[in-house]
Amino acid sequence: NDPAARQRHAARVDLAATSTPGAVACLEALAQAKEDSARTNIMLALVEMRPEVDPLLIAMLADSHGQVRRDVAELAGYLQLSESIPWLAAMVAGAEPNPNVVAAAQSALTKLNLSMPTIDEVRELIRNELHRLQLGVLTNSRPPRDIDFWWIYDSLDGKLQSQNQPAEARKILAAARLSRLLLQLPAPPAEDRQSALIYAYQAARELEQNPTAEVQQWVAELDTSTLNEALDEALRNNSLAAAQAFAELLGKQSDQAAIASIQNRPAPLVRALTHTDQSLRYAALQAIMQIAPQRTFAGASGVPKALWHFVAAPGTPQVVTGAATTARANLWAGQLRGLGFAATPTTNGRDTIHTAIRSPRLQLVLLDSDINRPLLREVVFQLRTSPHTGQIPIAILSSPENLDRAQSLARHDQWLLALPTPQQADAMQSIVDQLTKLSHYDSAEERLEQAQQALVWIAHLLESGHPYDELLREADMLNHAVYQPELTTEVLRVLPLLGTAASQQLLVNLASTQAQPIEMRQQAATGLATSVKQFGKLLTSHQILRQYDRYNASETADADTQEVLGQVLDILEAQ
């Protein structure tokens with residue numbers, strides 16, 4: 001009621017009304033205003049703040065309550081803000097319990113020349129908006145200088161916050177915000193609940209935070225069948241954060257139904273075992289290990305493949321250089337070795353594909369635009385259709401005459417770059433820097449932890465029984481893993497359980513290698529004794545005779561070495 005105070009407040013609003021910070025200040029003042037006259041003055045000032053105010057109003061429409069939401073709905077009507085229509089329509093159709101807010105939303109829709117919608121019409125409107133966002137159509141009312149900002153309203157403290165987000169992230173965040181409306185409408189159908197859940201998890205990943213407690217509580221109450229359907233939908237939409245969350249939840253439920261085939265197809269959880277995204281693949285493997293099936297199931301062969309894939313993952317990152325000439329492939333490989341990679345040169349398309357798919361620690365691929373047998377396009381296609389290389393960054397290093405063709409391939413592949421063939425020795429670092437920005441590559445710590453856990457799972461399967469006929473097929477991965485000190489303990493637990501000639505020979509070799517720590521050699525000898533006791537002696541006569549030679553040659557070795565070699569011979573002679 002103080003005219004001077006109102007005048008000072010109006011002056012402050014006028015001063016701030018030329019920028020986004022001014023719009024923020026006015027909207028936050030609106031949220032705190034107690035008198036109708038103050039709110040009216042602020043709203044009149046906000047009308048002049050187009051287009052800065054538009055995205056802020058949408059944030060407040062989504063997350064405000066009570067009087068603030070009523071004021072914002074009224075302001076959206078005055079501004080003819082078309083982006084507000086889904087929220088206004090949802091309020092009118094039952095998503096808003098406050099009658100004053102509903103009345104303001106009805107008035108706003110009238111100002112927008114729209115009739116009052118039914119619940120079904122609102123659902124269809126929101127679904128269409130979600131589809132529009134999926135196609136990549138973003139709001140066109142946001143000013144250029146704010147193009148990278150995403151606005152959030154905190155109803156507890158009445159503050160607006162902004163985050164700098166790229167266009168793809170804003171698309172996901174906008175979809176998550178819209179899909180929440182579907183849950184606020186009365187009796188949401190299953191497809192809408194599923195859609196809202198997927199978007200909630202995708203948005204949480206973009207914001208690097210957990211989904212809200214409400215979302216987590218709701219998803220925890222879902223049964224196996226519903227979770228399977230949600231995972232299937234997430235896989236179809238390439239919503240990887242949601243898919244990973246659903247896989248983890250299915251594992252916690254430990255329900256055998258999660259891996260049961262659906263219409264003669266592997267279950268979604270089993271299909272995730274072969275996904276190109278490594279985090280999702282690991283989550284699916286972990287879930288199946290928690291479910292612990294004792295009988296085979298559709299797609300079961302994917303389990304041992306995934307286990308050995310993660311066993312082999314730690315170590316120096318690998319790169320494959322595929323070129324049309326030996327000189328060029330070797331040149332690139334040498335430059336990459338200088339940058340700390342294990343680089344393998346190949347000189348035709350077939351060998352490039354085979355080597356890349358067989359490289360468990362593959363991080364990058366370099367392709368010569370002139371590569372042949374097969375040609376470039378087929379090489380790229382084959383790499384993209386393999387779960388091992390589907391999301392591996394690829395650089396096509398192109399001659400001038402082929403650069404347009406290479407760039408045409410890159411336009412349709414988010415993990416592919418088309419660059420001129422480097423002429424300077426230091427250009428390779430720039431190429432690597434550009435490629436590593438394209439895709440997430442798990443840290444060395446993450447890959448080591450995954451390998452350790454995969455070995456623990458393999459040992460458990462071998463000890464307790466399993467339905468995987470192909471579990472031993474790729475056990476030669478242990479030849480590399482055993483020499484990584486961080487994996488030695490787990491490898492030496494697995495080797496005695498394999499029951500193969502190769503595993504016994506590896507144990508003998510480990511026990512006999514003086515360059516290895518004596519503790520490791522002693523563990524290998526003990527493991528050999530366990531393997532021979534359970535499976536019998538599987539080594540050939542020639543391999544056993546070689547062991548006698550090793551023992552005889554150790555005459556001048558230290559006592560620990562002689563003792564271990566003698567223990568190995570005792571084990572072999574006892575059979």
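- Between Gln382 and Ile357 there is no side-chain heavy-atom pair separated by less than 4.5 Å.
- For the pair Ser225 and Glu229, the minimum side-chain heavy-atom distance is below 4.5 Å.
- What you find for Leu383 and Ala356 is that their closest heavy atoms are CD2-CB, 3.7 Å.
- Nearest heavy-atom pair across Ala175 and Leu130 is O-CD2, 3.4 Å.
- Under the 3.5 Å distance criterion, with hydrogens and angles disregarded, a donor-acceptor pair is assigned to the side chains of Gln253 and Thr224.
- Here Arg132 contributes atom CZ and Gln134 contributes atom CD; the two are 11.5 Å apart, rounded to the nearest 0.5 Å.
- A heavy-atom distance below 4.5 Å is not found between the side chains of Ile396 and Leu366.
- Between Ser301 and Glu470, the shortest heavy-atom distance links the atoms CB-OE1, 3.5 Å.
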Q: Would you please test His460 and Trp457 for side chain to side chain contact (heavy atoms under 4.5 Å, CB included) and show each step?
A: CA-CA 5 Å; His460 175 73; Trp457 285 329; 5.6 Å; no

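- In this structure, Ile392 and Leu362 approach most closely via the heavy-atom pair CD1-O, 3.3 Å.
- A donor and an acceptor atom, one from each side chain of Gln278 and His309, are located under 3.5 Å apart.
- For the pair Pro360/His388, no side-chain contact is recorded, criterion being any heavy-atom separation below 4.5 Å from C-beta on.
- Nearest heavy atom pair, residue Arg373 against residue Thr347, reads NH2-O, 4.3 Å.
- Ionic pairing of Asp192 and Arg180 is not present here: no N-O contact between side-chain nitrogen and carboxylate oxygen is shorter than 4.0 angstrom.
- In this structure, a donor-acceptor pair under 3.5 Å is absent between the side chains of Asn264 and Ser261.
- In this structure, Ser369 contributes its side chain and Ser399 its backbone to a donor-acceptor pair below 3.5 Å.
- Looking at Asn402, its side chain never comes within 3.5 Å of a backbone N or O of Ser398 through a donor-acceptor pair.
- Rounding to the nearest 0.5 angstrom, the gap separating the CH2 atom in Trp150 from the NZ atom in Lys171 is 13.0 Å.
- Residue Asp469 qualifies as open at atom CG: its count of foreign heavy atoms under 6.0 Å is 12 or below.
- Within the model, atoms CD1 of Ile288 and CG of Leu269 stand 4.5 Å from one another, a figure rounded to the nearest 0.5 Å.
- In summary, of the residues considered (Val320, Thr321, Ile431), a side chain to side chain contact (heavy atoms under 4.5 Å, CB included) with Trp332 occurs for Thr321 alone.
- Put simply, the side chain of Leu471 reaches to within 4.5 Å of the side chain of Leu307, judged on heavy atoms.
- Side chain of Gln202 to main chain of Ala176: no donor-acceptor pair is present (N/O by atom type, distance under 3.5 Å, no hydrogens or angles).
- We find that Arg281 and Asp277 are not joined by a salt bridge, their nearest charged nitrogen and carboxylate oxygen being 4.0 Å or further apart.
- Side-chain atoms of Asp255 do not come within 3.5 Å of backbone N or O of Ala258 as any donor-acceptor pair.
- Across all non-hydrogen atoms, the minimal contact from Ala451 to Leu487 is CB-CD2, 4.0 Å.
- Under a 3.5 Å cut-off, the side chain of Ser430 and the backbone N or O of Ala427 do not form any donor-acceptor pair.
- A 6.0 Å sphere centred on CZ of Arg337 holds more than 12 heavy atoms belonging to other residues, nucleotides or ligands.
- Side-chain contact, Gln286 with Gln290: no donor N or O sits under 3.5 Å from an acceptor N or O.
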Q: For Leu376 and Asp368, run side chain to side chain contact (heavy atoms under 4.5 Å, CB included): C-alpha distance rounded to whole Å, both residues' side-chain angles, the deciding distance at 0.1 Å, then the answer.
A: CA-CA 8 Å; Leu376 176 65; Asp368 184 354; over 6 Å; no

Q: Go through the steps for Leu455 and Val491 under the test side chain to side chain contact (heavy atoms under 4.5 Å, CB included), then give the verdict.
A: CA-CA 7 Å; Leu455 286 164; Val491 172; 3.8 Å; yes

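- Taking the side chain as every heavy atom from C-beta outward, Val24 and Pro21 never approach each other to under 4.5 Å.
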Q) Could you go step by step and tell me if Leu81 and Ile58 meet the side chain to side chain contact (heavy atoms under 4.5 Å, CB included) rule? A) CA-CA 9 Å; Leu81 185 58; Ile58 296 301; 4.0 Å; yes

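- One distance of note links OG1 of Thr352 with CD1 of Ile371; it measures 3.5 Å at 0.5 Å rounding.
- Side chains of Gln165 and Gln163: a donor-acceptor N/O pair is present below 3.5 angstrom, by distance only.
- Side-chain atoms of Gln318 come within 3.5 Å of backbone atoms of Arg361 as a donor-acceptor pair (strictly under, hydrogens ignored).
- Between the side chain of Ser408 and the main chain of Asp404, no donor-acceptor pair closer than 3.5 Å is present.
- Inspection of the Asn372 and Asn348 side chains reveals no N or O donor paired with an N or O acceptor under 3.5 Å.
- Note that CD of Gln429 and CD of Gln434 are 11.0 Å apart. Values are rounded to the nearest 0.5 Å.
- Two residues are said to be in side-chain contact when any heavy atoms from C-beta on lie closer than 4.5 Å; Glu124 and Glu121 fail this criterion.
- Note: Phe297 and Tyr468 have perpendicular aromatic rings, judged against thresholds of 30 and 60 degrees for the angle between ring planes.
- Using a 4.0 Å cut-off between charged side-chain N and carboxylate O, Arg236 and Asp232 make a salt bridge.
- Looking only at distances, a side-chain donor or acceptor of Thr500 sits under 3.5 Å from a matching main-chain atom of Ser503.
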Q) Would Lys437 and Asp433 satisfy salt bridge (charged side-chain N to carboxylate O under 4.0 Å, His left out), going step by step from the backbone distance to the final call? A) CA-CA 7 Å; Lys437 292 178 182 178; Asp433 291 342; over 6 Å; no

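- The local environment of CD in Gln424 is sparse, with at most 12 non-hydrogen atoms from other residues, nucleotides or ligands closer than 6.0 Å.
- Distance alone, capped at 3.5 Å, is enough to place a donor-acceptor pair between the Glu446 side chain and the Ser443 backbone.
- Side chains of Leu273 and Pro387 form no contact here, defined as non-hydrogen atoms less than 4.5 Å apart.
- With no hydrogens or angles considered, a side-chain donor-acceptor pair links Gln391 and Thr276 at under 3.5 Å.
- Here Thr226 contributes atom OG1 and Leu231 contributes atom CG; the two are 12.5 Å apart, rounded to the nearest 0.5 Å.
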Q: Dump the intermediate steps for salt bridge (charged side-chain N to carboxylate O under 4.0 Å, His left out) on Asp351 and Arg358, then the final yes or no.
A: CA-CA 10 Å; Asp351 289 347; Arg358 294 283 297 174; over 6 Å; no

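- Using a distance-only test at 3.5 Å, with no hydrogens or angles considered, a donor-acceptor pair links the side chain of Gln256 to the main chain of Ile291.
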